[in-house]
Q: 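My structure is below; once you've seen it, I'll send some questions.
Quick note: numbers below take in every heavy atom, side chains included, and nothing from hydrogens, waters or symmetry partners.
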Amino acid sequence: MWHLDSPSKADLDRYCDLLRPKIKKHLSDLSTTMPEWCGVLNNDNLLDDILTARPERLFKLNTEILNKLLIAKQCESNTGHAPFGFTYSERQLRHYLKFYRKNINNLTDKNKQRVNRYKDLFSFLDKVFNYADFNSAIAYEVAKMKGRNTCTYCNRQYTFTVGQEDTNGVAKSKTRPQFDHWFAHSHYPLLSLSFYNLIPSCPVCNSAAKGTTHYSLKTHIHPYTTESPDPDLEFRPELKTDEKDGKVRWSVKLVVKVGSKEERMIKDLMLEELYACHGPLELKDIMDFRMKNNPTYLKTLFKKICRKYEKERSINDVYRMMFGVERNPSKILDRPLSKFKRDILRREGIE
């Protein structure tokens, strides 16, 4: 969970080739109305940097470029004074936009102009780095590059990428994962098309659970900065009494270090609530099987099958055949619920 393998240089080069021409076309279209801002961005090396910079660099790059854009075109004064400029601040931006939605009339004239400059700038960036350019053919290629079988965030659903060629031989996606903007699109329009900002996910995590929640590298886990797909959390079985009918049912508890990035991810993605729904289903099946077959028998059966297939199948293969999930941490995200079931089975004595 929460892990994606880094792309190859060839994939990143291909990604730039797919999107750079579209961005430059938008810049050309806007060059007469927004010459100052288009002048800052109309540089192939800079565009490639925006498209392929790693997460740690992306955040700094966003600040650097927004400052250049704000300086390039100063705020027009409505009070007869000379135009003025200001520097970009993410905290200030969120404050202004929040205040703007409540009551812009309570802002000073200067701050109103600052808010409007942000809104103008973000509108401009939305047009240049237009996520609508992520058409079916491009989305298919990018999903293939990322190679994710299940949702990166929850590991609960398959997110297969399936394509079909058109009459020109170009493959277009018929189904694929959704791409979540890790740095939310509403606050980071410059990063709308950045490769490392697009996280393959299921509809539940992308739209319902995460939505536009503000993520920070200091407080949350970025899938491209983690070394292992086996995060520092543990799924545990738990019996709970239903408040409505008084019946005792299996539920799932997620154990994690208090105050950690993992705890923040679980809370913001609603993973505790989502996995609790698997308690009466997959977890109940495992626990029923465990109660009818003691751990010694299960371990003996597992070892017996391993010996039977030792020349044809690895231990990981046998584990997958018996339980339908991956044992190898590097393959956890290949099959749904692998981390969850592996933790439960390990706790019940099956390694």
Q: In sequence, state the C-alpha distance, the side-chain angles, and the governing distance for Asp29 and Lys127, and then conclude on salt bridge (Lys or Arg N to Asp or Glu O under 4.0 Å).
A: CA-CA 10 Å; Asp29 293 342; Lys127 293 174 183 176; over 6 Å; no
Q: Does Ser123 use its side chain to pair, donor to acceptor, with the backbone of Lys119 at less than 3.5 Å?
A: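 Side chain of Ser123 to backbone of Lys119, a donor-acceptor pair under 3.5 Å: no, none is there.
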Q: Grab the two heavy atoms, one from Cys154 and one from Gln157, that are nearest each other, plus how far apart they are.
A: SG-N, 4.4 Å
Q: Can you check whether His222 and Tyr196 have ring centres sitting under 6.0 Å from each other?
A: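 Centroid separation for His222 and Tyr196: 6.0 Å or greater.
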Q: Would you mind reporting whether Leu47 and Lys24 have side-chain heavy atoms less than 4.5 Å apart?
A: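 Lys24 reaches Leu47 side chain to side chain.
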Q: Do Asn328 and Ser330 have a side chain donor and acceptor closer than 3.5 Å?
A: yes
Q: Testing Tyr153, Trp2, Tyr215, Phe183 one by one against His220 for a ring pair (Phe, Tyr, Trp, His ring centres under 6.0 Å), which residue passes?
A: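 Considering Tyr153, Trp2, Tyr215, Phe183, a ring pair (Phe, Tyr, Trp, His ring centres under 6.0 Å) with His220 is found only for Tyr215.
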Q: Hey, is Glu238 close enough to Arg249 for a salt bridge, meaning N to O under 4.0 Å?
A: no
Q: Testing the basics here: between Asp5 and His3, what is the closest heavy-atom pair and its distance to 0.1 Å?
A: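 That would be OD1-NE2, 3.0 Å.
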Q: Within the distance-only criterion (no hydrogens, no angle test), does the side chain of Asp317 pair as donor or acceptor with the backbone N or O of Ser314 below 3.5 angstrom?
A: yes
Q: Please determine whether a side-chain nitrogen of the Lys or Arg among Glu272 and Lys267 lies less than 4.0 Å from a carboxylate oxygen of the Asp or Glu.
A: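 Salt bridge: no.
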Q: What heavy-atom pair brings Tyr158 and Asp334 nearest, and what distance separates the two atoms?
A: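 Heavy atoms of Tyr158 and Asp334 come nearest at CE2-O, 3.7 Å.
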Q: State, with a plain yes or no, whether a side-chain heavy atom of Leu191 is found less than 4.5 Å away from one of Phe59.
A: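 Side chain of Leu191 against side chain of Phe59, heavy atoms only: no contact under 4.5 Å found.
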Q: Taking Asp49 for the side chain and Asn45 for the main chain, is one N or O donor matched with an acceptor at less than 3.5 Å?
A: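 No: the side chain of Asp49 does not pair with the backbone of Asn45.
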Q: Between Lys292 and Asp288, does at least one N-O distance fall below 4.0 Å, as a salt bridge requires?
A: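 Looking at Asp288 together with Lys292, the answer is no, because their closest N to O distance does not fall below 4.0 Å.
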Q: Indicate yes or no: does Asp232 engage Lys261 in a salt bridge with an N to O separation below 4.0 Å.
A: no
Q: Which heavy-atom pair separates Phe134 from Leu193 by the least distance, and what is that distance?
A: CD1-CD2, 3.9 Å
Q: Given 3.5 Å as the limit, does a donor-acceptor pair link the side chain of Asn197 with the main chain of Trp182, or not?
A: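 Judged by distance alone, yes, a pair lies under 3.5 Å.
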Q: Between Asp17 and Arg14, is the closest basic N to carboxylate O distance under 4.0 Å?
A: no
Q: Give the intermediate values and the outcome of side chain to side chain contact (heavy atoms under 4.5 Å, CB included) for residues Asp120 and Arg117.
A: CA-CA 5 Å; Asp120 290 344; Arg117 174 58 65 221; 3.6 Å; yes
Q: Does any non-hydrogen side-chain atom of Phe195 lie less than 4.5 Å from one of Pro7?
A: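 A side-chain contact exists here, since the closest heavy-atom pair is under 4.5 Å.
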Q: With a 4.5 Å cut-off on side-chain heavy atoms, are Asn155 and Ser338 touching?
A: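 Of all side-chain heavy-atom pairs linking Asn155 with Ser338, at least one is under 4.5 Å.
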Q: Whether the side chain of Arg176 engages the backbone of Tyr140 through a donor-acceptor N/O pair (distance < 3.5 Å, no angle test) should be reported.
A: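 No.
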Q: Does the pair Asp343 and Arg236 meet the rule for a salt bridge (Lys or Arg N to Asp or Glu O under 4.0 Å), with working shown?
A: CA-CA 7 Å; Asp343 283 0; Arg236 292 183 184 176; over 6 Å; no
Q: Check whether any side-chain heavy atom of Leu125 sits under 4.5 Å from a side-chain heavy atom of Leu66, and report yes or no.
A: yes
Q: Is there a side chain to side chain contact (heavy atoms under 4.5 Å, CB included) between Ile65 and Ile50 once you walk through the steps?
A: CA-CA 10 Å; Ile65 293 176; Ile50 295 170; 3.5 Å; yes
Q: How about Lys339 and Val325: do any of their side-chain heavy atoms sit closer than 4.5 Å?
A: no
Q: Might you work through the salt bridge (Lys or Arg N to Asp or Glu O under 4.0 Å) test for Asp268 and Arg264, ending with a clear yes or no?
A: CA-CA 6 Å; Asp268 287 345; Arg264 190 68 175 268; 3.6 Å; yes
Q: I'd like to know if Asp11 and Lys146 make a salt bridge, using a cut-off of under 4.0 Å between side-chain N and carboxylate O.
A: no
Q: Is there a donor-acceptor contact under 3.5 Å from the side chain of Thr159 to the main chain of Ser201?
A: no
Q: Does Lys25 offer a backbone N or O that forms a donor-acceptor pair with the side chain of Ser28 under 3.5 Å?
A: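 Judged by distance alone, no pair lies under 3.5 Å.
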Q: Over all heavy atoms of both residues, which pair between Gly279 and Leu283 is shortest? Give the atoms and the distance, please.
A: O-CB, 3.4 Å
Q: Mind checking whether Leu51 and Ile23 have side chains closer than 4.5 Å, heavy atoms only?
A: yes
Q: For the pair Phe302 and Tyr319, name the ring-plane relationship: parallel under 30°, tilted 30 to 60°, perpendicular over 60°.
A: perpendicular
Q: Looking only at side chains, do His181 and Asn206 share a donor and an acceptor under 3.5 Å apart?
A: no
Q: Same cluster or not: are Leu217 and Leu190 linked, directly or through other Ile, Leu, Val, Met, Phe, Trp or Tyr residues, by side-chain heavy atoms under 4.5 angstrom apart?
A: yes
Q: Apply salt bridge (Lys or Arg N to Asp or Glu O under 4.0 Å) to the pair Lys253 and Glu234, showing each step before the final yes or no.
A: CA-CA 8 Å; Lys253 182 177 179 61; Glu234 182 185 359; over 6 Å; no
Q: Does any part of the side chain of Leu333, heavy atoms only, come nearer than 4.5 Å to the side chain of Glu326, both counted from C-beta?
A: no
Q: Quick check: does any side chain N or O of Ser207 sit under 3.5 Å from a backbone N or O of Val204, one acting as donor and the other as acceptor?
A: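 Not at all, since once roles are kept as given, no pair shorter than 3.5 Å links the two residues.
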Q: For Met1 and Met265, what are the C-alpha separation, side-chain angles and deciding distance, and is it a side chain to side chain contact (heavy atoms under 4.5 Å, CB included)?
A: CA-CA 11 Å; Met1 294 172 64; Met265 293 288 288; over 6 Å; no
Q: In this structure, is the centre-to-centre distance between the rings of Phe235 and Tyr275 below 6.0 Å?
A: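 Yes, the ring of Tyr275 comes within the 6.0 Å limit of the ring of Phe235, centre to centre.
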Q: Is it the case that the side chains of Ser6 and Arg54 hold a donor-acceptor pair, with the cut-off being a distance below 3.5 Å and no angle test?
A: yes
Q: Would you check, one step at a time, whether the test side chain to side chain contact (heavy atoms under 4.5 Å, CB included) holds for Cys205 with Lys210?
A: CA-CA 6 Å; Cys205 287; Lys210 180 177 180 291; 5.6 Å; no
